[in-house]
Amino acid sequence: MAAFLGRASRQTRPILQLHNGITTSKARISTVGNLISGRRVVIAAAGAVCGVTLAVTLTQRVKAHLTLEPPRYPWKHDHYWSAFDVKSLRRGYQVYKQVCAACHSMDEIRYRELVGVILTEAEAKQDAFEAEVEDGPDEAGEMFMRPRKLFDPLPQPFPNKKAAQAANNGAYPPDLSRAVWSNDGREDYVFSLLTGYTEFPPGVKQMGDVHYNPYFLGGIIAMAPPLYNEIIEYDDGTPATTSQLAKDIVVFLRWSVDSQMNERKKRGFKCLAVFGTLLVCLFYMKRFHLSHLKTQRIAFKSPR
């Protein structure tokens with residue numbers, strides 16, 4: 001009986017070894033299949049990401065290709081020896097106050113910055129007094145409205161972003177405090193944008209209450225043409241043409257991002273004057289006081 005069981009166990013062992021080998025092979029094949037399918041998923045996901053990125057890039061390039069490059073204009077304040085035109089700054093503030101302020105804010109400009117440059121102190125106080133701002137809390141713990149003062153910023157046309165979008169067909173009017181430096185073309189781009197509105201070209205459909213401007217990215221812009229002839233009347237009697245309005249508001253917006261430019265140029269001129277005087281003095285010292293060093297002769301004689 002023991003001999004029979006021994007022979008049976010020896011005969012069964014190869015069958016078990018064969019069964020285990022088949023199971024191991026199946027497990028290895030399943031693992032390889034899972035790896036291959038995982039790699040396919042990763043490759044497909046990478047291909048999808050690359051495709052979306054390529055499509056977005058091509059779309060942006062096509063839009064940029066359809067956008068006109070603004071021409072270069074001779075802005076007076078760009079020269080090294082020139083400053084801001086004060087009269088143009090005053091007219092530009094008037095354009096902003098009577099036209100642009102209906103939709104756009106300038107949160108980084110305060111009334112005190114206008115004093116001595118664009119407005120007198122009395123005029124700035126009067127403009128600030130005409131607008132109210134929420135302040136508080138008071139002794140009762142409640143908020144209240146008060147007239148603005150010189151340290152307050154220019155008023156906002158809307159209480160929040162949602163209200164601004166609701167009043168402008170879903171588009172949010174950006175803050176103009178740094179509008180000039182937020183684009184590559186700077187003053188040229190803003191001036192071209194304000195004066196470049198035109199009819200929709202053939203092949204471009206007007207979808208909703210939008211407008212066409214070839215200087216805007218893609219050409220489709222939600223903002224209506226803000227400027228046209230005689231939209232306001234200048235206090236100094238200057239004809240309020242579209243180009244004049246655009247030029248004045250661009251100069252004002254340029255001042256808003258670099259209001260210290262005039263003072264910086266004045267300091268630069270003073271430094272140049274001081275350095276020029278020092279240069280003349282150094283030349284005098286070199287030419288006369290150190291002349292003996294340049295005219296003396298040193299001779300070496302070999303010993304005999």
Set of ring-ring contact (aromatic ring centres under 6.0 Å, His included) partners for Y93, sequence neighbours left out = F252
message = According to side chain to side chain donor-acceptor pair (under 3.5 Å), does anything in residues 153-169 pair up with another residue at least two apart or in another chain? List the pairs.
response = D107-Q156, N169-D209
query = Apart from L272 itself, what residues make up its hydrophobic cluster when side-chain heavy atoms of I, L, V, M, F, W and Y under 4.5 Å apart count as a link, directly or indirectly?
reply = Y80, W81, F269
inquiry  = Is there a side chain to side chain contact (heavy atoms under 4.5 Å, CB included) between K149 and V133? Walk through the geometry before answering.
reply    = CA-CA 9 Å; K149 299 181 180 180; V133 62; over 6 Å; no
remark   = In L245, I231, V251, the residue satisfying side chain to side chain contact (heavy atoms under 4.5 Å, CB included) with V95 is L245
task = Scan residues 170-184 for pairs that pass side chain to side chain donor-acceptor pair (under 3.5 Å), counting only residues two or more places apart or in two chains.
result = S105-D175, E108-R178, D175-S177
key: Atom pair CD1 (I232) and CD (Q98), whose distance is rounded to the nearest 0.5 Å   = 5.0 Å
key: Within-4.5 Å side-chain heavy-atom neighbours: D135 and M145   = no
query = Mind checking what makes ring-ring contact (aromatic ring centres under 6.0 Å, His included) contact with F283, not counting sequence neighbours?
reply = none
inquiry  = Can you list everything that forms a salt bridge (charged side-chain N to carboxylate O under 4.0 Å, His left out) with E132? Sequence neighbours excluded, please.
reply    = none
key: salt bridge (charged side-chain N to carboxylate O under 4.0 Å, His left out) involving K265 - partner list, sequence neighbours excluded   = none
key: Sequence neighbours excluded, every pair satisfying side chain to side chain donor-acceptor pair (under 3.5 Å) that has a member inside residues 249-259   = E187-R254, D258-R264
query = Is the shortest heavy-atom distance from the side chain of D188 to the side chain of W75 under 4.5 Å?
reply = yes
key: Heavy-atom side-chain contact between P226 and C100 under 4.5 Å   = no
query = Which value, rounded to the nearest 0.5 Å, describes the distance between K87 atom NZ and D248 atom CG?
reply = 12.0 Å
For a quick test of your reading: what N or O donor-acceptor pairs under 3.5 Å do the side chains of residues 193-200 make, sequence neighbours left out?
residue : atom : partner : partner atom : Å
T195    : OG1  : F191    : O            : 2.8
Y197    : OH   : M223    : O            : 3.0

message = Restricting to salt bridge (charged side-chain N to carboxylate O under 4.0 Å, His left out), what partner residues turn up for E233, sequence neighbours left out?
response = none
task = Can you tell me which residue pairs pass the ring-ring contact (aromatic ring centres under 6.0 Å, His included) test with a partner in residues 109-150, sequence neighbours excluded?
result = none
request  = Please list, chain by chain and in numerical order, all residues satisfying salt bridge (charged side-chain N to carboxylate O under 4.0 Å, His left out) with D236, sequence neighbours excluded.
outcome  = R91
key: Sidechain N-carboxylate O distance under 4.0 Å for R90, D235   = no
message = How long is the straight-line distance from NE2 of H104 back to CG of L154, given to the nearest 0.5 Å?
response = 14.0 Å
